[in-house]
Amino acid sequence: MRFIVCVKQVPDTTEVKIDPETNTLIREGVPSILNPFDQFALEEAIKIKQENDEIVAISMGPPQAKKALLKCLALGADKAILLSDKAFSGADTWATSYTLTQCIRKIGVFNIIFCGLQAIDGDTAQVGPEIAAQLGIPQITYVESIEKLEGKKLEAKVQTDDGYKIVEAKLPALITGITPSSFEPTNPPMMNIMKANKKPFSTWTIGDLGGSIDNYGLNGSLTEVIKVYSPPARQQGVVIKEEKSEAAVQKLIELLSKDKVI
Amino acid sequence: MITVDKEKCTGCGLCEKACPFGAIKIMEKIAVIGDECTLCGACVDQCSLKAISIQRKKLKDVDLSQYQDVWIVAEIKDDKVRNVSFELLGKAIELADELMQNPCVLLIGNNVKKFTQEFSNRGAKTIYIAENEDLKEYHTETYSSVITGIISKYKPNIVLYPATISGRDLAPRVAATLELGLTADCTGLSIKEGLLLQTRPAFGGNIMADIICPITRPQMATVRPNVMEMASIKDNGNAEITEIPVNLDLQSLKVKTKEIISVSSSECGIPVCEADIIVSGGRGVGCQENFKILEDLANVLKGAVGASRAAVDLGWIPKSQQVGQSGTTVSPRIYIACGISGTIQHLVGMKSSDIIIAINKDPEAPIFSVANYGIVGDLCEVVPLLTKALKKKLSEN
């Protein structure tokens, strides 16, 4: 079987800090990382992979996104393809999913496409379903884990509003989700990082993907960001420190009444 | 494409500071734009010299005026209309008024016609009904094909979906099938120069973006529950009703449900994404039994019990109640964090709440940095006292 894992290199938003004076993002020193949710999806693919299966990690991004793909190779992907071209920049979710779809079509036969729950910078969770729609294959979102993989069928445990359900899908299919029990993504051992450099890696440009230039990047985007700004800063709160809990609670109730919260 | 006019640029560095993606560097007194650029336009707004410009594609040659009305896709669960549907309607009425168009509701499911009066009384002008036994359970394939067909036929100007588990599954499927723009998880919607201005948080809530969809119709967005005001009940509405025949073949479904495992959430009250008030517990709660203390407080406030990832991982509370980056993002009116230290992943999921109250032993806990009110103390002591005091206070009101 062939599994394709779509990944993104993102700024580590957990490292982002806000300048309290200007209320703007402090970008300095914010590292670029493999989107943790994509890593979890890749790890699930590795978990179900059998001897003759192949995992291909693909990513659209600037040349430096190679680093994220090298991490995928070190973690256990067999091959990686970076989609990098000036023409791809400024892509919204539609143009991004179009670009990844073109790549998947060029790769050819596949059985399962894995996408992370969402990217930690955009948080949209839209690219996965949009790829599935363009390829005309079924999608399963909010997957917790893959329970069974047999022949052309996959069984997955899926999160619902009030619990879980077990679904059965005919392959090929696209799945998104997978959140493991620990949010801290693991780092591959040094040995594997060295080996990763020897695994097949290619960079494809718009020429490799074909299709009209009007569908890529900013040209192909159907939505347009017209303004980006910092949200209003939260006002400094009141922290109550009292010897006795009774006094603290009483003080809180007084404040809540005064501020008309209750 | 983005270009810097070298004649106009003085290398003042305003754009470098404004760039949320750190893509601009000033080199030899000229702004140089790197590969990290996403063409978001923050720098263009900042540059008083108009040295930076972004060239965008021209309007598609389609008559956009044939697309009329503001639609919402209602979500029905357990034979009840979910509140988020009324929230969407409230917003749709406001947008439709501004555009001088009609607010409309699409009711899709099995046996959903009975809900028409509820929407009509809350101000819907036309209600479209796609009813079929085979729509009883939500399936991406059936719902998206039915909605895709209806949108193509009736040509709405705007379609709003709830940003729930099924809404976030459905909307992108429909959008990509019809080649439409879609904005996820909006927390603000308004009309600007005739277009839908969609506001959403990104970057873990650290930045806000205003987004438009100028060239395709309908303009579509998913909207976070609990952010918009519900449409109020006015009088006996008399919305026009349009029934749409639906033919389905469940045999051909490629994804089938084999089993439904409901996690009893009765002790947690309402789902966290819909709650107006959430009482959340973290590792500091200490043990599963202590969650009872939180439930008592939630009951008095008619709120939901939520949890941090740590508490879910320890098995104290079901995953459906988890608040945070890998759980649910919530924005209730009041969020009470008990024994939650406030990891960045948790803060991202709740810091847009109106009022945050934190109770924690550790005065240095990061949760206090986002809290409007905080108590440094033992939650096992503080929370029961708070429950008692609030119960008294609320009975007086």
Side-chain angles (χ1 to χ4, degrees), chain A residues 13-14 16 18 25 27 62-63 89-90 93-94 97 120-126 129-130 133-134 138-142 160-170 179 181 183 218-219 222-231 234 237-241 245-246 248-249 252-253 255 261-262, chain B residues 20 22 35-42 45 57 140 165 168-169 172-173 176-177 181-184 202-204 206-214 216 254-263 265 271 313 320 326 344-345 355 368 370-377 381-382 385-386 389 393:
Chain A
T13 52
T14 60
V16 170
I18 305 285
L25 293 181
R27 296 265 337 182
S89 62
T93 60
W94 194 86
S97 59
I120 61 166
D121 55 348
D123 300 324
T124 75
Q126 286 180 183
E130 292 190 342
Q134 292 188 54
Q139 71 194 42
I140 318 170
T141 56
Y142 292 95
T160 62
D161 283 310
D162 46 12
Y164 302 100
K165 61 182 178 181
I166 305 286
V167 303
E168 185 185 84
K170 279 184 202 155
T179 52
S181 58
F183 195 80
L218 191 67
N219 279 337
L222 306 173
T223 56
E224 189 179 308
V225 179
I226 56 169
K227 199 174 149 199
V228 177
Y229 51 98
S230 300
R234 287 198 80 91
V238 191
V239 179
I240 305 164
K241 287 181 199 160
S245 297
E246 285 82 359
V249 168
L252 176 64
I253 297 281
L255 284 168
V261 178
I262 51 164
Chain B
D35 291 326
E36 298 87 352
C37 174
T38 67
L39 300 168
C40 74
D45 295 341
K57 173 161 80 167
T140 318
I165 286 186
R168 292 179 103 212
D169 179 80
R173 185 86 194 189
T177 306
L182 175 68
T183 306
F203 238 82
N206 286 312
I207 58 170
M208 302 298 290
D210 285 349
I211 297 168
I212 54 169
C213 179
T216 54
K254 290 183 183 135
V255 181
K256 289 182 178 155
T257 306
K258 284 189 71 176
E259 191 186 340
I260 292 177
I261 310 160
S262 287
V263 177
S265 59
D313 287 349
S320 57
S326 54
I344 186 82
Q345 288 87 0
I355 300 283
F368 287 119
V370 299
N372 303 67
Y373 308 95
I375 293 182
V376 180
E381 243 182 77
V382 172
L385 287 168
L386 185 60
K393 181 85 195 158

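Below, chain A is the first sequence line, B the second, and so on; all start at residue 1.
Between chain B and the options Ser97(A), Pro63(A), Pro138(A), the largest number of non-hydrogen pairs under 4.5 Å is found for Pro138(A). With chain A as partner, the option from Ile344(B), Leu385(B), Asp210(B), Val370(B) having the largest number of non-hydrogen pairs under 4.5 angstrom is Asp210(B). Note: Gln139(A) leads Gln139(A), Glu130(A), Gln134(A) in heavy-atom pairs under 4.5 Å with chain B. Highest contact tally toward chain B, considering only Ile140(A), Thr93(A), Thr141(A), Thr160(A), is held by Thr141(A) [criterion: heavy-atom pairs under 4.5 Å]. Between chain B and the options Pro62(A), Gly237(A), Ala133(A), the largest number of non-hydrogen pairs under 4.5 Å is found for Ala133(A). Of the listed residues Ala209(B), Gly377(B), Ala176(B), the one with more heavy-atom pairs under 4.5 angstrom with chain A than any other is Ala176(B). Each of Ser245(A), Ala248(A), Pro129(A) has some count of heavy-atom pairs under 4.5 Å with chain B, and the biggest count is that of Ser245(A).
By the side-chain hydrogen bond (donor to acceptor under 3.5 Å, both in side chains) test, Lys258(B) pairs with Glu155(A), sequence neighbours left out. By the salt bridge (Lys or Arg N to Asp or Glu O under 4.0 Å) test, Asp123(A) is found to be paired with no residue, residues two or more places apart in sequence or in another chain being considered.
Heavy-atom distances place both the backbone and the side chain of Leu255(A) under 4.5 Å from chain B. Both the backbone and the side chain of Ala389(B) come within contact range of chain A, with heavy atoms under 4.5 Å apart. The contact between Tyr229(A) and chain B is made by backbone and side chain atoms together, counting heavy-atom distances below 4.5 Å. Proximity to chain A (any heavy atom under 4.5 Å) is restricted, for Thr140(B), to the side chain, taken from C-beta onward. For Ile211(B), the parts lying near chain A are the backbone and the side chain together; criterion is any non-hydrogen pair under 4.5 Å. Looking at Ser89(A), both its backbone and its side chain come within 4.5 Å of chain B, counting heavy atoms on both sides. Interface remark: Ile262(A) contributes backbone and side-chain atoms alike to the contact with chain B (heavy atom separation under 4.5 Å).
Around the NZ atom of Lys256(B), the shell of radius 6.0 Å holds more than 12 heavy atoms that belong to other residues, nucleotides or ligands.
Across Ile207(B) and Pro231(A), no two heavy atoms sit closer than the pair CA-CD, 3.9 Å. In terms of heavy atoms, Thr177(B) sits closest to Arg173(B) at OG1-O, 2.6 Å. Across every non-hydrogen atom of Leu252(A) and Leu386(B), the tightest pair is CD2-CD1, 3.7 Å. A pairwise comparison of heavy atoms in Thr124(A) and Arg168(B) identifies O-NH2, 3.6 Å as the closest pair.
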Run the side chain to side chain contact (heavy atoms under 4.5 Å, CB included) check on Tyr373(B) and Val261(A) step by step: do they pass?
-> CA-CA 11 Å; Tyr373(B) 308 95; Val261(A) 178; 3.7 Å; yes

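Using a distance-only test at 3.5 Å, with no hydrogens or angles considered, no donor-acceptor pair links the side chain of Glu224(A) to the main chain of Ile212(B).
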